[in-house]
Engineer: 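Got a structure here, written out as structure tokens. Questions coming.
A, B, ... follow the sequence lines: proteins, then strands. Residue 1 opens every chain.
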Amino acid sequence: MKGTELTGGEPGRPEEIRAVPVRRPGRWLAAFVVLVVSASLVRFAVTDPDVGWHYVGEYLFDPRVIHGVIDCVYLTVAAMLTGVILGVILAVMALSPNPILKSASWIYIFFFRGTPLLVQIVLWYNIAALFPGHVIAIGIPFGPALVHPDANKLITVFVAAWLALGFNEGAYMAEIVRAGIISVDEGQSEAAGSLGMTRVQIMRHIVLPQALRVILPPTGNEAISMLKNSSLASVIGFAEIYYETSAIYAQNFQTVPLLIVASIWYLVLTSVAYVGQYFLERKAGQGFSRAQRATMWERWFALSAGGDGRFGPGGFDYRGWYRR
Amino acid sequence: MSDVMVRAEGVYKRFGRNEVLKGINLTVNRGEVMCLLGPSGSGKSTFLRCINHLEKINCGRLSVDGELVGYREANGKLYELHERVVASTRQQVGMVFQQFNLFSHKTAIENVMLAPINVRKHDRDAARQKATELLTRVGLADKLDAYPVALSGGQQQRVAIARALAMDPKLMLFDEPTSALDPELVGDVLDVMRDLARSGMTMIVVTHEIGFAREVADTVVFMDAGVVVEAGPPEQVLGAPTHERTQAFLSKVL
């Protein structure tokens with residue numbers, strides 16, 4: 001017999017193993033408990049008259065609620081963009097050899113990460129109080145002022161919420177971006193440097209694009225947090241989803257149905273953010289996995305089927321591909 | 001134009017308290033292929049990195065093509081060069097690393113095109129054409145659009161050589177280019193380097209491939225503990241080493 005006869009249908013090959021699986025009563029019991037609890041929750045939610053589903057249907061597309069949804073998206077996008085830009089600047093500062101830039105970045109992060117977001121929002125809203133006669137002087141530092149806008153007109157509710165959320169986000173994004181930059185192998189910068197690229201070119205063409213792979217997943221997380229945290233802006237009267245729905249239930253006392261309306265909209269927005277994150281991550285992961293990338297549905301299927309996320313003979317590990 | 005490409009005079013380099021180079025004196029002529037041999041930690045790679053100013057030297061003078069590396073001398077004083085000036089002198093010195101260091105978010109051809117486009121400001125089509133030629137020359141015409149992860153070590157190293165050549169360097173530095181490769185892939189990379197040497201490129205190669213050094217090098221330099229122990233044509237240094245340290249090393253390697 002030749003040594004090459006290893007594949008398919010050779011006479012001496014033993015039959016495939018079809019063993020009786022081990023019985024696992026614990027699993028059946030756990031599944032049963034979970035099913036009973038969920039069924040009773042669903043029954044309660046559907047049949048309890050106080051939940052008031054018809055109110056949910058009635059107010060889900062109420063113009064005021066829709067207006068809140070749009071404002072929530074505006075605020076989130078504006079604050080997130082500000083946060084990302086600030087985060088990149090602060091991360092580059094933190095990694096700079098200049099001690100002044102380094103400490104400035106550290107102090108910024110210390111302050112904005114160490115105080116509650118809610119306090120920061122209210123603080124920005126009242127920032128006009130800091131300026132005599134509510135007039136801000138913008139001009140040369142320690143020199144003459146060039147413009148004198150009225151602080152109360154400049155800091156609207158939206159601006160206050162945007163600044164508070166954006167500046168706060170900058171501190172978190174700085175840490176995320178810094179971790180991403182550090183994760184890129186030093187050999188990449190050396191190779192780029194040996195080709196005659198300057199530090200700025202290396203950062204832009206080599207380090208940041210590769211850091212993106214590490215930066216994106218936690219940034220998606222931040223964006224989803226931001227969608228929800230934007231509801232805090234309701235305390236200064238910014239008309240986002242929660243503000244609008246609570247204004248409605250203050251009049252008709254249908255508190256629970258309107259909170260369900262708000263929750264549904266938050267879930268819709270976070271789902272959209274999730275899909276966006278998925279495609280961005282796939283783009284940034286280019287060149288980091290040998291295996292063909294799984295589609296979103298395959299990934300969802302693998303997660304919900306309790307698999308380890310590996311596909312086919314090549315193997316695809318959804319948890320590890322962006323960290324490698 | 002002088003014939004000397006690299007001149008090192010009394011080059012010292014230390015990391016903290018650890019002195020790695022202890023007075024290196026060397027000259028490499030235009031068109032010469034020099035192989036640096038020696039045990040690990042003898043300072044070969046550090047010396048190579050100093051030539052590209054990836055490391056700053058502590059004492060001595062190091063010049064490439066008549067220009068000091070990283071400094072400007074005037075009125076008996078040394079002035080550090082601006083990062084941009086250092087970058088522009090590095091354009092003329094190609095470097096190949098042990099770990100390849102291909103840009104992993106770029107395909108093979110993008111790796112080769114990146115510096116000509118962004119540093120030399122060549123237009124995209126010209127850069128692509130040149131990159132295709134170079135990758136064909138190193139035997140990778142069918143791998144233009146492959147990402148580094150999809151390439152074997154030997155293929156990655158050949159892309160890295162093409163990437164360095166795309167800047168038309170006047171000097172090529174090889175830092176143990178085959179040490180991270182499977183034995184059967186070493187040959188392809190050495191073939192490319194052999195061709196390059198024949199084309200008249202000035203090359204400094206840190207290597208453990210004694211056979212390659214014997215065949216291709218004009219000069220073989222044996223380094224140990226931060227000094228040059230022995231230097232000369234391969235038949236002399238490899239064939240009839242005079243220094244006891246060289247003999248001991250070669251008897252283990254051959």
Engineer: Determine the minimum heavy-atom distance between B:Gln91 and A:Gly196, stating which atoms define it.
Structural biologist: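 In terms of heavy atoms, the two residues are closest at CG-CA, 3.8 Å.
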
Engineer: Please check if the side chain of B:His105 supplies one atom and the backbone of A:His205 the other of a donor-acceptor pair under 3.5 Å.
Structural biologist: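 At least one qualifying donor-acceptor pair exists.
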
Engineer: Heavy-atom distances under 4.5 Å only: say whether B:Asn118 touches chain A with side chain, backbone, both or neither.
Structural biologist: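 Contact with chain A: backbone and side chain both.
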
Engineer: Looking at B:Val86, B:Val119, B:Thr107, which makes the most heavy-atom pairs under 4.5 Å with chain A?
Structural biologist: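 Highest number of pairs under 4.5 Å: B:Val119.
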
Engineer: Take atom OH in B:Tyr12; do more than 12 heavy atoms of anything else shown fall under 6.0 Å from it?
Structural biologist: no

Engineer: Can you name the nearest heavy-atom pair linking A:Ala191 to B:Arg163, along with the distance?
Structural biologist: CB-NH2, 3.4 Å

Engineer: Would you check if A:Leu195 and B:Leu114 make a side-chain contact, meaning some heavy-atom pair closer than 4.5 Å?
Structural biologist: no

Engineer: Got a sec: does the CZ of A:Phe111 have more than 12 other heavy atoms crowding it under 6.0 Å?
Structural biologist: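 At most 12 heavy atoms, drawn from other residues, nucleotides or ligands, come within 6.0 Å of this atom.
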
Engineer: Identify which part of B:Phe103 has an atom lying under 4.5 Å from any heavy atom of chain A, answering side chain, backbone, both or neither.
Structural biologist: both

Engineer: Got more than 12 heavy atoms from elsewhere within 6.0 Å of CD, B:Glu67?
Structural biologist: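 Check fails, neighbour count at 12 or below.
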
Engineer: Please check this pair: side chain of B:Gln99 against backbone of A:Gly187, looking for a donor-acceptor N/O pair closer than 3.5 Å.
Structural biologist: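 A pair under 3.5 Å: no.
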
Engineer: For B:Arg194, I'd like to know if atom CZ has over 12 heavy atoms of other residues, nucleotides or ligands within 6.0 Å.
Structural biologist: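 Yes, because the 6.0 Å sphere around CZ of B:Arg194 holds more than 12 heavy atoms from other groups.
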
Engineer: Search all heavy atoms of B:Asn101 against all heavy atoms of A:Asp185 and return the closest pair with its distance.
Structural biologist: OD1-OD2, 4.0 Å

Engineer: So does A:Lys102 have more than 12 non-hydrogen atoms from other groups sitting under 6.0 Å from NZ?
Structural biologist: yes

Engineer: Check each atom of B:Ala115 against the heavy atoms of chain A and say whether the ones under 4.5 Å are side chain, backbone, both or neither.
Structural biologist: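 B:Ala115 touches chain A through side-chain heavy atoms alone.
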
Engineer: Under 6.0 Å from the CD atom of B:Glu73, do we count more than 12 heavy atoms belonging to anything else shown?
Structural biologist: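 Counting neighbours around CD of B:Glu73, more than 12 heavy atoms of other residues, nucleotides or ligands fall under 6.0 Å, so yes.
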
Engineer: Chain A heavy atoms under 4.5 Å from B:Arg120: which part of the residue, side chain, backbone, both or neither?
Structural biologist: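 Contact with chain A is absent: no heavy atom of B:Arg120 under 4.5 Å.
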
Engineer: Indicate yes or no for a side-chain donor-acceptor contact from A:Glu190 to the backbone of B:Leu54 under 3.5 Å, with no hydrogens or angles considered.
Structural biologist: no

Engineer: Quick one: does B:Ser104's side chain get under 4.5 Å of A:Gln188's, heavy atoms only?
Structural biologist: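 Side-chain contact under 4.5 Å: yes.
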
